[in-house]
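First the structure, in the form of structure tokens, and then the observations on it.
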Amino acid sequence: MPKRLSREFYTRSTLIVAKDLLGKYLVRRVGRKTLVGKIVETEAYIGPKDKASHSYGGKITDRTKTFYLKGGHLYVYLCYGIYLMLNIVTEKENKPEAVLIRALEPVGKYDFSKIKNLSNGPGKLCRWLEIDKSFNGEDLTKSKRIWLESRGEKMKKSRIKASRRIGVDYAREWANKPWRFYIFENPSVSRR
DNA sequence: CTCGCGATATTCT
DNA sequence: GAATATCGCGAGA
């Protein structure tokens, strides 16, 4: 039985949430169709101390203010002028921590060859889900167009791998923190 | 297979 | 004016 994730799920420690999100389902309603994807790759951003995070140093700007909402909201922003990134805010209000959703495994009738390329990267999954900037600040516990749910599957700990984060080399030693989590040998995990 | 690069626009300095 | 939490293409090996 699918069950929408509650506020309590999101307001826990960011590293716990990042790992716990693996194997959960993201549901996106757009018009008459419903897109569903299983989360297979995440990254934790733990500001203000985390140099790789937009909330580094406790900085608040127009772009990053939704980062400071309580857990369960979305932080969506544009990167490289082309791609949107989808983040799930964690922890309590004014604690700017979040989990970047890096890859989903599409659920439904897709060719295997398509599945591999639809949402195996943070920019691509936003395009697939038709996410736009209006999703910034969306509340996942209330929204009618996007939410997360558990389908009662247990994720084996042995399937979860951790690694350094991707694309944040400018953060130097912070880029080496093992804060990227993914499901081992899942074909939808982003390459590298 | 790996590497390098350009696209593109919003944000921040 | 510079930087950017990415992606796909084309060249070379």
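Remember, predicted model here, so these are calculated numbers, not experimental data. The chains referred to below are lettered A, B, ... by the order of the sequence lines, with proteins before strands, and numbering in each begins at 1.
- Rounded to an integer number of Å, the gap from A:Tyr80 OH to B:dG6 P is 15 Å.
- Of the inter-residue distances, the one linking A:Leu5 atom CG with A:Ser150 atom OG reads 6.5 Å to the nearest 0.5 angstrom.
- Taking the six-membered ring for Trp and thresholds of 30 and 60 degrees, A:Trp174 and A:Trp179 have ring planes inclined between 30 and 60 degrees apart.
- Contact check, A:Tyr170 against C:dA5: a side-chain N or O comes under 4.0 Å of OP1 or OP2.
- Annotation for A:Lys116: atom NZ does not count as buried by contact number, only 12 or fewer foreign heavy atoms lying within 6.0 Å.
- Note on A:Leu78: only backbone sugar-phosphate atoms sit closer than 4.0 angstrom, heavy atoms only; bases stay farther off.
- With a 3.5 Å ceiling on both atom-pair distances, the Watson-Crick or G-U wobble partner of C:dA11 is B:dT2.
- Applying the 4.0 Å criterion to OP1 and OP2 of C:dG8, one finds that A:Arg127 has a side-chain N or O inside that range.
- Pair assignment for C:dA5: none, as no Watson-Crick or G-U wobble contacts are both less than 3.5 Å.
- Residue-level contact check: A:Gly81 touches the bases, meaning some heavy atom is under 4.0 Å from a base atom.
- Aromatic pair A:His54/A:Phe67: centroids not less than 6.0 angstrom apart.
- Taking atom NZ of residue A:Lys124 and atom P of nucleotide C:dT6, one finds them 13 Å apart after rounding to whole Å.
- Stacking of A:Tyr45 onto the six-membered ring of C:dA5 is present: less than 5.5 angstrom between centres, less than 30° between planes.
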